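Below is one structure, written out as structure tokens, with a few remarks after it.
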There are 2 protein chains.
Amino acid sequence: MNEKNHENCPLTQALLVIGGKWKPLIISHLQKSPKRFGQLHTLIPKLSRKVLTSQLQELTRDKLITRHSYAETPPRVEYRLTEKSKELVPIFQSMSKWGMYLIDKKIIEEREDN
Amino acid sequence: MNEKNHENCPLTQALLVIGGKWKPLIISHLQKSPKRFGQLHTLIPKLSRKVLTSQLQELTRDKLITRHSYAETPPRVEYRLTEKSKELVPIFQSMSKWGMYLIDKKIIEEREDN
DNA sequence: CGGGATCCTTAAAGATACTG
DNA sequence: CAGTATCTTTAAGGATCCCG
């Protein structure tokens with residue numbers, strides 16, 4: 001890590017972009033194929049439409065996903081990963097694998113996240 | 001009980017534990033050697049003492065760090081990683097490496113973090 | 001030195017209604 | 001369908017003082 005200037009710490013920078021509690025989940029859901037807004041909402045029901053919108057906008061702004069809007073009726077909007085965010089997929093897979101231990105050990109159990 | 005199957009998603013579980021925006025940073029700083037409360041506060045000055053306290057308590061509760069208190073005057077308290085959280089270190093290193101591209105490309109630039 | 005206990009200020013998230 | 005707009009509520013975080 002960079003102990004001199006935390007503003008230049010790459011991990012801090014990365015966390016600014018993917019540190020949101022939903023973003024890794026969104027990215028991993030997009031890994032296999034593009035998804036529509038409603039699909040993502042179904043996949044992550046605890047994520048409200050409003051928050052999903054903001055997270056997608058931030059990810060788009062930061063070039064981690066691209067937004068593809070099709071002029072159909074009803075409208076269709078797809079989100080897909082960029083090359084750069086695809087590099088994150090194995091990282092989240094490792095995290096996911098690590099997370100299995102939490103389930104086994106029931107570390108979480110009753111916690112109210114929400 | 002309830003069958004919210006996303007609760008069984010290992011990535012979701014992992015994010016519950018390390019998804020806080022400071023926790024990966026704290027864990028990375030502890031990777032080489034144990035650190036004292038004050039050291040961590042110096043290393044991450046933007047993290048207030050109160051929030052640092054809460055983050056350390058949560059990490060301790062979730063068995064990602066251990067707290068070692070020495071009966072000295074002035075008191076000394078050290079935090080160190082557990083075996084399980086040491087497995088996270090390479091993951092955060094990958095994230096850190098990935099984060100360098102953000103700095104290069106100046107993706108972040110002006111953003112109201114704080 | 002390493003916290004805990006309060007109080008207080010905002011930023012984030014929820015609920016609901018509406019639109020191209 | 002995929003969002004906006006607006007209002008309300010919650011909770012994260014800061015400031016301050018205290019204590020073993």
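Proteins get letters first, then strands, A, B, ... in listed order; numbering begins at 1 in each. Keep in mind that what you see is a predicted model, and the values were worked out from it rather than measured.
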Rounded to whole Å, how long is the line connecting atom [atom1] of [X] with atom [atom2] of [N]?
X: B/L56; N: C/dC1; atom1: CG; atom2: C1'; result: 14 Å
X: A/F37; N: D/dC1; atom1: CZ; atom2: P; result: 11 Å
X: A/L52; N: C/dA15; atom1: CG; atom2: C1'; result: 16 Å
X: A/H41; N: D/dG3; atom1: NE2; atom2: C1'; result: 12 Å

So, is [X] close to the [N] phosphate, meaning a side-chain N or O under 4.0 Å from OP1 or OP2?
X: A/R36; N: D/dA2; answer: yes
X: B/Q55; N: C/dG3; answer: no
X: B/T53; N: C/dG3; answer: no
X: B/Q57; N: C/dG4; answer: yes
X: A/R76; N: D/dA2; answer: no
X: B/R67; N: C/dG3; answer: yes

**Prompt:** So, are A/R67 and A/E78 salt-bridged, with charged N and O less than 4.0 Å apart?
**Reply:** no
Quiz item: Do the numbers put B/K84 on top of the ring of A/Y101, so that NZ or CZ is under 6.0 Å from the six-membered ring centre and no more than 45° off the axis?
Solution: yes
B/P34 and B/Q39 have their tightest heavy-atom pair at O-OE1, 4.4 Å
Residues A/L11 and B/S96: closest non-hydrogen pair is N-OG, 3.8 Å
Of the nucleotides [options], which one has an atom closest to the side chain of [X]?
X: A/P75; options: C/dC1, D/dC1, D/dA2; value: D/dC1
X: B/V51; options: D/dG13, D/dA2, C/dG14; value: D/dG13
X: A/K50; options: C/dG3, C/dC1, C/dA15; value: C/dA15

